[in-house]
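These notes concern the structure reproduced below.
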Amino acid sequence: MRASPTYNDVVAAEKRLDGFATQTPLLTSPLLNERCGGRIFLKAENLQRTGSFKFRGAMNAITALMEEGKDLRSTGVLACSSGNHAQGIAEAARLRGVKATIIMPHDAPAIKVMRTRRSGADVIFYDRACEDRDVITAENTARLKAELIHPYNHPLVIAGQGTSGLEAANVFEEQGLVPDRVLACTGGGGLSAGIGLVIKEHFPKALFHTVEPIGFDDYKRSLIAGEVLENEKTIGSVCDAILTPSPGGISFSILKDYADEGLTISDEEALSAVAFAFHELKTVVEPGGAAALAALLSGKVDVAGQTILAVLSGGNIDQDMLMRALSEA
C-alpha cells in the first residue's frame, strides 16, 4: 500500500505539474476586507485548467504512475466523480495519451458531463440516491482492468492538490505575510489535506478550517469524534462538488490532529457567495467552490484584524444555477 503523502510529495508534485497546471492568482477585494474586517486572500482555483483544483491531483497521479512504470496507455484509468475530478482526470489522461472512464451521478451538472466527454473520456452514469458508487466503481475497475484514481483518497491526488497551497504559501512568504487562518472547501478532504500539509510546514501557527454544507458535515463531525463518520444522505445541496459519503481515510489521518473547528454553510449562503464573486470579484465560482468564501461572508468565524487565506475551489457552474444565485442574492 502506498504511504500517506508528505510535504515533500507536494514539492515533487509541483515539479510534475510545471508547464501543465495554471499558477492561479490570489484575489483580493477592498469590499471583502471591509465586510470581514480582515485582510482576505482568495486562491482562485476556479481559474485552474478544467475549472477547478482537481486537475492538479489528476495530472500528478497519472504522471507519477507512468514514471513508476505503470502502462496506463494499455490499461487506461478509471475515476468516480460528480464532475470536477472527472474533468481533471479526462484532461490529464488526454494530455498523457491515456484512455479514461468516469463513473458519474446521473444528476451531475450538464456542463461537467459535457466537458468530461469533450476531453475524450467515456462516462458511466449511476443514481447516487439509491446506488452504491463504490460498488459500481469496483465492478467497472475489474471489468476494464483499469487503474483506479480515487477523487480524494489517493496519496498522489492529495499531493497534487497540495500544490495550490504551496503556490499560495510562496506568495505569502515573498510578501512577508503570515496567514492567521486558512479555509478550504471540503468534500472528501483531498484538497484540505494537501493544503494542510503545506500550511503545517510553512505556517504552523495558522488555524485550519474545513468548510462544508449544512447537513453534509461529515468532516466536521469526524474531527470532533476523532473517527471517520458518514453522512446520512448524499444528495440535497447545491454544493454538488463537495458532497461525499464520508472523509477519505488518508486525508483524515492527515487532518485529525491538525485541523481546527469545521465550519458549515447553508445553500443560501453558498449562492450568495457565488453572486458576490460574480459582482464584486468579477469571477465565476460554483456553489461548492464558494463554500470557504461563504463562511467568511456569513461570519462563521471571527476574522477581524486577521490575515486569511481561503480557496475558491471551482467554477464549473451551470447557467441555470448561476442565474439562480444572481436572482436570489
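Keep in mind the model is a prediction, meaning the values are calculated, not measured. Side chains included, hydrogens not; waters and symmetry mates left out as well; all remaining heavy atoms used. Heads up: numbering here begins at 1 and tracks the sequence.
Taken from OH in Tyr7 to CG in Leu197, the straight-line distance is 10.0 Å, to the nearest 0.5 Å. How far CD1 of Ile242 is from OG of Ser192: 9.0 Å, rounded to the nearest 0.5 Å. Rounding to the nearest 0.5 Å gives a distance of 5.0 Å between CZ of Arg49 and CD of Glu91. Between the CD1 atom of Ile136 and the OG1 atom of Thr141 there is a distance of 11.5 Å, given to the nearest 0.5 Å. The CZ atom of Arg39 sits 12.5 Å away from atom CG of Leu309, with the distance rounded to the nearest 0.5 Å. Interatomic distance, Asn316 CG to Met321 CE, rounded to the nearest 0.5 Å: 13.0 Å.
Heavy atoms from other residues, nucleotides or ligands lying under 6.0 Å from CD of Gln175 number more than 12. For Gln319, the CD atom is loosely surrounded, since the number of other residues' heavy atoms within 6.0 Å does not exceed 12. By the 6.0 Å contact criterion, CD on Glu34 is open, its count of non-hydrogen atoms from other residues, nucleotides or ligands being 12 or less. Around CE of Met323, the count of heavy atoms belonging to other residues, nucleotides or ligands within 6.0 Å does not exceed 12.
In the hydrophobic clustering of ILVMFWY residues, with side-chain heavy atoms under 4.5 Å counting as a link, Val238 and Val211 come out apart. Note on Leu144: it clusters hydrophobically with Tyr126, by side-chain heavy-atom contacts below 4.5 Å among ILVMFWY residues. No single ILVMFWY cluster, assembled from side-chain heavy atoms under 4.5 Å apart, contains both Val228 and Ile224. Residue Leu156 is not grouped with residue Ile254 when hydrophobic side chains (ILVMFWY) are merged at heavy-atom distances under 4.5 angstrom, including chains of intermediate members. Leu148 and Ile89 fall into different hydrophobic clusters, where Ile, Leu, Val, Met, Phe, Trp and Tyr residues are linked whenever their side-chain heavy atoms come under 4.5 Å apart, directly or through other members.
Remark: the backbone N or O of Gly249 is paired with a side-chain donor or acceptor of Asn153 at under 3.5 angstrom. Distance alone, capped at 3.5 Å, is enough to place a donor-acceptor pair between the Thr186 side chain and the Ala184 backbone. For His85 (side chain) and Lys54 (main-chain N/O), no donor-acceptor pair under 3.5 Å exists by modelled atom type. Asp260 places no side-chain N or O within donor-acceptor distance of the main-chain N or O of Arg181, the cut-off being under 3.5 Å. Remark: the backbone N or O of Gly187 is paired with a side-chain donor or acceptor of Thr244 at under 3.5 angstrom. Judged by distance alone, the side chain of Asp302 and the main-chain N or O of Ala304 form a donor-acceptor pair under 3.5 Å. When atom types are taken as modelled, the side chain of Gln161 and the backbone of Gly57 share a donor-acceptor pair closer than 3.5 angstrom. Here the side chain of Asp218 pairs no donor or acceptor atom with the backbone of Leu229 at under 3.5 angstrom. A donor-acceptor pair is defined here as one N or O able to donate and one able to accept, closer than 3.5 Å; such a pair exists between the side chain of Lys43 and the backbone of Thr24. Panel note: side chain Asn46, backbone Val285; no donor-acceptor pair is recorded below 3.5 Å.
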Begin from the C-alpha positions of Ser251 and Tyr219 and carry the test side-chain hydrogen bond (donor to acceptor under 3.5 Å, both in side chains) through to its verdict. CA-CA 10 Å; Ser251 66; Tyr219 230 104; 2.8 Å; yes
Show your reasoning for whether side-chain contact (heavy atoms from CB on, under 4.5 Å) applies to Thr234 and Leu243. CA-CA 6 Å; Thr234 55; Leu243 302 185; 5.9 Å; no
With side-chain contact (heavy atoms from CB on, under 4.5 Å) as the criterion, how do Leu183 and Ile308 come out once you've worked through the C-alpha distance, each side chain's angles and the decisive distance to 0.1 Å? CA-CA 8 Å; Leu183 282 70; Ile308 306 299; 4.0 Å; yes
Between Asp9 and Thr6, does the side-chain hydrogen bond (donor to acceptor under 3.5 Å, both in side chains) criterion hold? Intermediate values first, please. CA-CA 5 Å; Asp9 291 319; Thr6 66; 3.3 Å; yes
Go through it in stages, so that I can follow the logic: the residues are Leu72 and Glu147, the test is side-chain contact (heavy atoms from CB on, under 4.5 Å), and I'd like the CA-CA distance, side-chain angles, deciding distance and then a yes or no. CA-CA 7 Å; Leu72 299 186; Glu147 180 75 24; 3.7 Å; yes
Apply side-chain contact (heavy atoms from CB on, under 4.5 Å) to the pair Gln87 and Ile102, showing each step before the final yes or no. CA-CA 9 Å; Gln87 292 173 86; Ile102 313 295; over 6 Å; no
What's the verdict on salt bridge (charged side-chain N to carboxylate O under 4.0 Å, His left out) for Asp122 and Lys99, showing C-alpha distance, side-chain angles and the deciding distance? CA-CA 8 Å; Asp122 290 336; Lys99 181 64 179 176; 3.3 Å; yes
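When all heavy atoms are compared, the tightest approach of Met104 to Val113 is CE-CG2, 3.8 Å. Counting all heavy atoms, side chain and backbone alike, Phe216 lies closest to Ile235 at CZ-O, 3.2 Å. The heavy-atom pair separating Tyr258 from Ile199 by the smallest distance is OH-CG2, 3.1 Å. Pairing each heavy atom of Gly315 with each of Glu286, the nearest pair is N-OE2, 3.3 Å. Closest approach of Ile149 and Ala61 over heavy atoms only: CG2-CB, 4.0 Å. The two residues Leu17 and Gly160 make their nearest non-hydrogen contact at CD1-O, 4.2 Å.
A heavy-atom distance below 4.5 Å is not found between the side chains of Phe53 and Gln48. Leu32 is listed as a side-chain neighbour of Leu42, based on a closest heavy-atom distance under 4.5 Å. Between Leu312 and Leu293 there is a side-chain heavy-atom pair separated by less than 4.5 Å. Residues Thr163 and Val10 form a side-chain contact, since some pair of their non-hydrogen atoms from C-beta on lies under 4.5 Å apart. By the 4.5 Å heavy-atom criterion applied to side chains, Glu14 and Asn170 are counted as neighbours. Contact check for Val311 versus Leu191: side-chain heavy atoms found under the 4.5 Å cut-off. At least one side-chain heavy atom of Val182 sits less than 4.5 Å from a side-chain heavy atom of Ile195. At a threshold of 4.5 Å between non-hydrogen side-chain atoms, the residues Leu263 and Thr210 do not count as touching.
Electrostatic pairing of Arg56 and Glu45 counts as a salt bridge here, judged by a charged N lying under 4.0 Å from a carboxylate O. Taking 4.0 Å as the cut-off between side-chain N and carboxylate O, Asp240 and Lys112 count as a salt-bridged pair. Glu269 has a carboxylate O that lies under 4.0 Å from a charged side-chain N of Lys300, or vice versa, which qualifies the two as a salt bridge.
Taking the six-membered ring wherever Trp is involved, the centroid distance between the rings of Tyr152 and His154 does not fall below 6.0 Å. Ring centers of Phe41 and Phe172: under 6.0 Å apart, within the cut-off.
Checked by atom type, the side-chain pair Thr264/Asp217 shows no donor-acceptor distance below 3.5 Å. Side chain to side chain, His209 and Glu261 fail the donor-acceptor criterion of an N or O pair below 3.5 Å.
With Thr63 as the partner, the side-chain hydrogen bond (donor to acceptor under 3.5 Å, both in side chains) test is satisfied by one option alone out of Lys15, Arg96, Arg16: Arg96.
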